[in-house]
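Report on one structure; see the data block that follows.
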Amino acid sequence: MSHPEYRPPGENDVRSPCPALNSLANHGFLPRSGKDFAMSELIDALNKGFNLSRAFASLQTLTAFTMYGKLFQKMSLSDLQRHGILEHDASLTRQDAAIGDHVNVDKTLVDLLLTYKVGEKINIESLAKLHHVRYADSKERNKDFYYGWKQQSLSFGEASLLLCIIGGATNKEVDAKVAEIFFKEERLADEWKSSETPIGFFEILNYQKEIEKKAEEVKPK
């Protein structure tokens, strides 16, 4: 499938700890600079790039602009680099802020993610198991590690978004190669297709609950 042209960020462009938003900028759904976009631009990008429903895209956008104190201003992807608002410890693909680079992808963590593939797919079991691995690693290495209810909810919400958006057209599973391209290059693979139906809030919330349930099932004893 043909997507808008992919261009990696240039020297003066900014990106965030979120691979989804970065990919929207890399494909031109958001300003390629990653700077100074309005709420309406982010809503359009989420809707056109990932087929989030207009209502859900609006909710996500309003929440982000409010949390970063940008409600009546423009936002840049660099705003999302602030630790402890949406960015958090025990990320799937970034190091904790206190011990490493929490903004740019750690490709060794992506390789770790790919070891949990099931039949060449990243699925609910993959992410549920990896959740515990990343939690344990961060807790051991980061003396400033903090992971409360909010951070756990964000983690499972991000996992749900990944499977419902990037896996939206493939039964909430992501082909391992598509996942590798998405995380390492922050690019939408040529073969990737968005969900045929708009993705709404309750779909994400309900699948988040399924991931939380699966994580409890596979929790190390």
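Everything numeric in this text was worked out from a predicted model, so none of it was measured. One-based numbering along the sequence shown.
- The line from CG of Leu113 to CG of Leu127 is 6.5 Å long, rounded to the nearest 0.5 Å.
- Side-chain contact between Ser33 and Val14 is absent, with no heavy atoms from C-beta onward closer than 4.5 Å.
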Should Ser126 and Asn123 be marked as a side chain to side chain donor-acceptor pair (under 3.5 Å) after you check the CA-CA gap, both sets of side-chain angles, and the distance that decides it?
-> CA-CA 5 Å; Ser126 309; Asn123 62 13; 3.0 Å; yes

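- Shown here for Tyr68 and Asp79, the closest heavy-atom pair between the two residues is CE2-O, 3.2 Å.
- In terms of modelled atom types and a separation under 3.5 Å, the side chain of His102 and the main chain of Gln81 share a donor-acceptor contact.
- Heavy atoms only, all atoms of each residue included: Asp96 and Arg134 are closest at OD1-NH2, 4.3 Å.
- The pair Lys213-Glu216 does not meet the salt-bridge criterion, since no charged nitrogen lies less than 4.0 angstrom from a carboxylate oxygen.
- In terms of modelled atom types and a separation under 3.5 Å, the side chain of Ser153 and the main chain of Lys150 share no donor-acceptor contact.
- In this structure, His3 and Trp192 have tilted ring planes: the angle between them lies in the 30° to 60° band.
- Between Thr170 and Lys193 there is no side-chain heavy-atom pair separated by less than 4.5 Å.
- Side-chain contact between Leu52 and Asn47: absent, with no pair of heavy atoms (C-beta onward) separated by less than 4.5 Å.
- How far CG of Asn51 is from OG of Ser195: 5.5 Å, rounded to the nearest 0.5 Å.
- Nearest approach of Pro17 to Glu87, heavy atoms of both residues: CG-CG, 3.8 Å.
- Within the 4.5 Å cutoff, the side chain of Ile124 has no heavy atoms near those of the Lys172 side chain.
- Cluster annotation: Ile204 and Val174 are assigned to the same hydrophobic cluster (Ile/Leu/Val/Met/Phe/Trp/Tyr, side-chain heavy-atom contacts under 4.5 Å, transitive).
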Could you walk me through whether Phe183 and Ile166 pass side-chain contact (heavy atoms from CB on, under 4.5 Å), step by step?
-> CA-CA 11 Å; Phe183 284 119; Ile166 306 302; over 6 Å; no

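- With a 4.5 Å cut-off on side-chain heavy atoms, Arg32 and Glu5 count as touching.
- Rounding to the nearest 0.5 angstrom, the gap separating the OG atom in Ser155 from the CD atom in Gln152 is 7.5 Å.
- Under a hydrophobic clustering in which Ile, Leu, Val, Met, Phe, Trp and Tyr are joined whenever their side-chain heavy atoms come within less than 4.5 Å, directly or via other members, Leu112 and Val218 fall into different clusters.
- Taking the side chain as every heavy atom from C-beta outward, Leu21 and Leu46 approach each other to under 4.5 Å.
- Looking at His27, its side chain does come within 3.5 Å of a backbone N or O of Leu188 through a donor-acceptor pair.
- Hydrophobic clustering (side-chain heavy atoms under 4.5 Å, transitive across Ile, Leu, Val, Met, Phe, Trp, Tyr) keeps Val118 apart from Leu130.
- With His132 contributing its side chain and Ala215 its backbone, the two residues share a donor-acceptor pair below 3.5 Å.
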Take Asp44 and Arg54 through the salt bridge (charged side-chain N to carboxylate O under 4.0 Å, His left out) test and state the conclusion after the steps.
-> CA-CA 8 Å; Asp44 285 344; Arg54 296 290 301 185; 2.7 Å; yes

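- Of all non-hydrogen atoms in Ile199 and Cys164, the two that sit nearest each other are CD1-O, 3.2 Å.
- Residues Ile165 and Leu154 are members of one and the same hydrophobic cluster, defined by side-chain heavy-atom contacts under 4.5 angstrom among Ile, Leu, Val, Met, Phe, Trp and Tyr.
- Within a 6.0 Å sphere centred on CD of Glu140, other residues, nucleotides and ligands contribute 12 heavy atoms or fewer.
- Residues Ala98 and Asn142 approach most closely at CB-OD1, 3.4 Å, considering heavy atoms.
- In the hydrophobic clustering, Phe145 connects to Tyr135, Tyr147, either directly or through intervening members, whenever side-chain heavy atoms lie under 4.5 Å apart.
- Annotation for Leu163 and Ile211: closest pair CD1-CD1, 4.3 Å, computed over non-hydrogen atoms.
- Enclosure of atom NZ in Lys139 is not indicated, since only 12 or fewer non-hydrogen atoms of other residues, nucleotides or ligands lie within 6.0 angstrom.
- Using modelled atom types and a 3.5 Å distance limit, the side chains of Asp89 and Ser138 yield no donor-acceptor pair.
- Note: Tyr6 OH to Ile181 CD1 = 10.0 Å, rounded to the nearest 0.5 Å.
- A side-chain N or O of Ser16 and one of Asn22 form a donor-acceptor pair less than 3.5 Å apart.
- Under the 3.5 Å distance criterion, with hydrogens and angles disregarded, no donor-acceptor pair is assigned to the side chains of Thr108 and Asp111.
- Between the NZ atom of Lys177 and the CD1 atom of Ile122 there is a distance of 13.0 Å, given to the nearest 0.5 Å.
- Between the side chains of Glu212 and His131, not a single donor N or O lies within less than 3.5 Å of an accepting N or O.
- A salt bridge does not link Arg187 to Glu180: none of the charged nitrogens lies less than 4.0 Å from a carboxylate oxygen.
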Dump the intermediate steps for side-chain contact (heavy atoms from CB on, under 4.5 Å) on Arg94 and Leu109, then the final yes or no.
-> CA-CA 7 Å; Arg94 267 72 174 167; Leu109 290 179; 5.6 Å; no

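- For the pair Arg15/Val103, no side-chain contact is recorded, criterion being any heavy-atom separation below 4.5 Å from C-beta on.
- Side chain of Thr66 to backbone of Leu62: a donor-acceptor contact under 3.5 angstrom is found.
- In this structure, Leu24 and Phe50 have side chains that are in contact, with non-hydrogen atoms separated by less than 4.5 Å.
- Using a distance-only test at 3.5 Å, with no hydrogens or angles considered, a donor-acceptor pair links the side chain of Asn206 to the main chain of Phe202.
- Distance CG/Asp175 to NZ/Lys117: 9.0 Å, rounded to 0.5 Å.
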side-chain contact (heavy atoms from CB on, under 4.5 Å) evaluation trace for Tyr146 with Gln151 | CA-CA 8 Å; Tyr146 182 75; Gln151 289 72 29; 3.5 Å; yes

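- In this structure, a donor-acceptor pair under 3.5 Å is present between the side chains of Asn104 and Asp101.
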Quick one: do Glu158 and Leu162 satisfy side-chain contact (heavy atoms from CB on, under 4.5 Å)? Show the steps, please.
-> CA-CA 6 Å; Glu158 291 157 3; Leu162 172 65; over 6 Å; no

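- Between the side chain of Asp13 and the backbone N or O of Gly34 there is no donor-acceptor pair closer than 3.5 Å.
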Begin from the C-alpha positions of Glu125 and Lys129 and carry the test salt bridge (charged side-chain N to carboxylate O under 4.0 Å, His left out) through to its verdict.
-> CA-CA 6 Å; Glu125 182 178 340; Lys129 288 181 176 179; 2.8 Å; yes

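- Leu59 and Ile43 are members of different hydrophobic clusters when ILVMFWY side chains are connected at heavy-atom separations under 4.5 Å.
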